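Since the structure comes first, as structure tokens, the remarks are kept for the end.
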There are 2 protein chains.
Amino acid sequence: MAALKYSRQRECIKNYLAMTKEHPTADTVYLHVKEDFPNISLGTVYRNLNLLTDLGEAIKIPTPDGGDRFDGNTMPHNHFFCTNCRKVLDLDLDMKKIEQVNKAAAENFDGIIESSTTIFYGKCGDCIQKS
Amino acid sequence: MAALKYSRQRECIKNYLAMTKEHPTADTVYLHVKEDFPNISLGTVYRNLNLLTDLGEAIKIPTPDGGDRFDGNTMPHNHFFCTNCRKVLDLDLDMKKIEQVNKAAAENFDGIIESSTTIFYGKCGDCIQKS
DNA sequence: TTTAGTGCAAACGATTTGCAAAATA
DNA sequence: TATTTTGCAAATCGTTTGCACTAAA
């Protein structure tokens, strides 16, 4: 049910997610979209972010920080979380390896594995240089 | 600093984590430990759960549900999250595969990868039968 | 007797929700 | 006009924290 209706706010959020590479928090999205829609509320941002993830047009990345990050790139790929500066980066990784792991995991399991998320932890290049 | 001192509450939490396989939330731990320590507070449970994870005597598993789960089994292993009943299960998986993926990930990355967590998603055996 | 751990309750940050008004179909 | 989406504010959820008190070393 629930026929989807167009909204400029959602469009703007979608565009922002599509062009940025910084894996923003909901609040960062809010701050950015606010430039075009000064009256937009955080609630609307959350509603649309959730809607987009449900539609498969965005990805929600949980971090050890508590808050989630959002990513407009829905192609299967992996993420790196810098434990020093708390940045989230994309990780270029042969997805064949991931599929192999998924397959291996399915072998001794009586349920159905639909997907898997891997987050890598460590220090990013920037943080290493500064130390 | 901060010399560690014994506490029966912590001991009880530790024992519970050691014997259960259900990957409990902080609240579930609280409810259980309350049977032995009726006056224990949720704050104490959180403090000890965090202490134990810092000491490496427990693992904190973030779920898409928001709340974290805790695991007394600190041996490297993987977890499965049932998107239907929200249960967390252990997954028997050859850790060599995981290490391969970690290694592959490090190759094209200018930072340092210290660890990685993989969570598998799907439907567990119980939920499949019931449908 | 010094230091760490506890219970309690208040505070917190991230996210969700109810509702009347505004936008879309 | 019918239905969805919005803005706002209050509410909720999981977790953390300050403080006076108790237990361990």
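Small disclaimer: the values here were computed from a predicted structure and weren't measured. So that the names make sense, note that chain A is the first sequence line, chain B the second, and so on, each numbered from 1.
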Check: Rounded to whole angstrom units, what separation is found between the OH atom of Tyr46(B) and the P atom of dA11(C)?
Finding: 19 Å
Margin query: Between dG14(D) and Arg69(B), counting only base atoms on the nucleotide and side-chain atoms on the residue, is there a donor-acceptor pair under 3.5 Å?
Written below: no
Margin query: Below the 4.0 Å mark, does dA24(D) have OP1 or OP2 next to a side-chain nitrogen or oxygen of Ser7(B)?
Written below: no
Notebook entry, point to check: 5'-most contact on DNA chain D: Gly66(B) or Thr44(B), nearest heavy atom basis?
Noted result: Gly66(B)
Check: Should Asn48(B) be listed as having a side-chain N or O under 4.0 Å from OP1 or OP2 of dT6(C)?
Finding: yes
Next item on the list: Figure out the CZ/P separation between Phe70(B) and dG14(D), and round it to whole Å.
Entry: 12 Å
Checklist line | Ion pair check, Asp126(A) and Lys87(A), cut-off under 4.0 Å | finding: yes
Notebook entry, point to check: On a plain distance test, is the side chain of Arg8(B) in donor-acceptor contact with the base of dG5(C) below 3.5 Å?
Noted result: no
Margin query: If the cut-off is 4.0 Å, is Gln9(A) near the phosphate of dA23(C), judged by side-chain N/O to OP1 or OP2?
Written below: no
Checklist line | Distance in angstrom units between Leu42(B) CG and dA11(C) P, rounded | finding: 18 Å
Item checked: Length of the CZ-P vector between Arg47(B) and dT6(C), whole Å -> 7 Å
Next item on the list: Applying side-chain contact (heavy atoms from CB on, under 4.5 Å), run through Leu51(A) and Leu49(A) and close with a yes or a no.
Entry: CA-CA 5 Å; Leu51(A) 183 53; Leu49(A) 249 16; over 6 Å; no
Next item on the list: Please tell me which of the listed nucleotides, dG7(D), dC19(D), dT15(C), lies nearest to the side chain of Ala26(A)?
Entry: dT15(C)
Margin query: Quick one about Asn73(A) and Lys21(A) (side-chain donor to acceptor, distance below 3.5 Å, no hydrogens or angles considered), yes or no?
Written below: no
Note to self: Students often get this wrong, so: under 4.0 angstrom with heavy atoms, is Asp27(A) touching a base, only sugar-phosphate, or nothing?
What the structure shows: nothing
Margin query: Using 30° and 60° as the class boundaries, would you call the ring planes of Tyr121(B) and Phe81(B) parallel, tilted or perpendicular?
Written below: perpendicular
Next item on the list: Take atom CG of Leu51(B) and atom C1' of dT3(C), then tell me their distance rounded to the nearest Å.
Entry: 15 Å
Next item on the list: Figure out the CG/P separation between Asn50(A) and dT15(C), and round it to whole Å.
Entry: 9 Å
Next item on the list: Rounded off to whole Å, could you give me the CZ-to-P distance for the Phe37(A) and dA22(C) pair?
Entry: 17 Å
Item checked: Check: dT3(D) base within 3.5 Å donor-acceptor of Lys5(A) side chain -> yes
Notebook entry, point to check: Is His79(B) reaching over with its side chain to a backbone N or O of Asp90(B), donor-acceptor style, under 3.5 angstrom?
Noted result: no
Item checked: Distance in angstrom units between Asp36(A) CG and dG7(D) C1', rounded -> 17 Å
Note to self: If you only use heavy atoms from C-beta on, which nucleotide in dG7(D), dT5(D), dT15(D) is closest to the side chain of Asn39(A)?
What the structure shows: dG7(D)
Margin query: Both Asp65(B) and Arg10(A) contact DNA chain D. Taking the nearest nucleotide for each, which residue is further toward the 5' end?
Written below: Arg10(A)
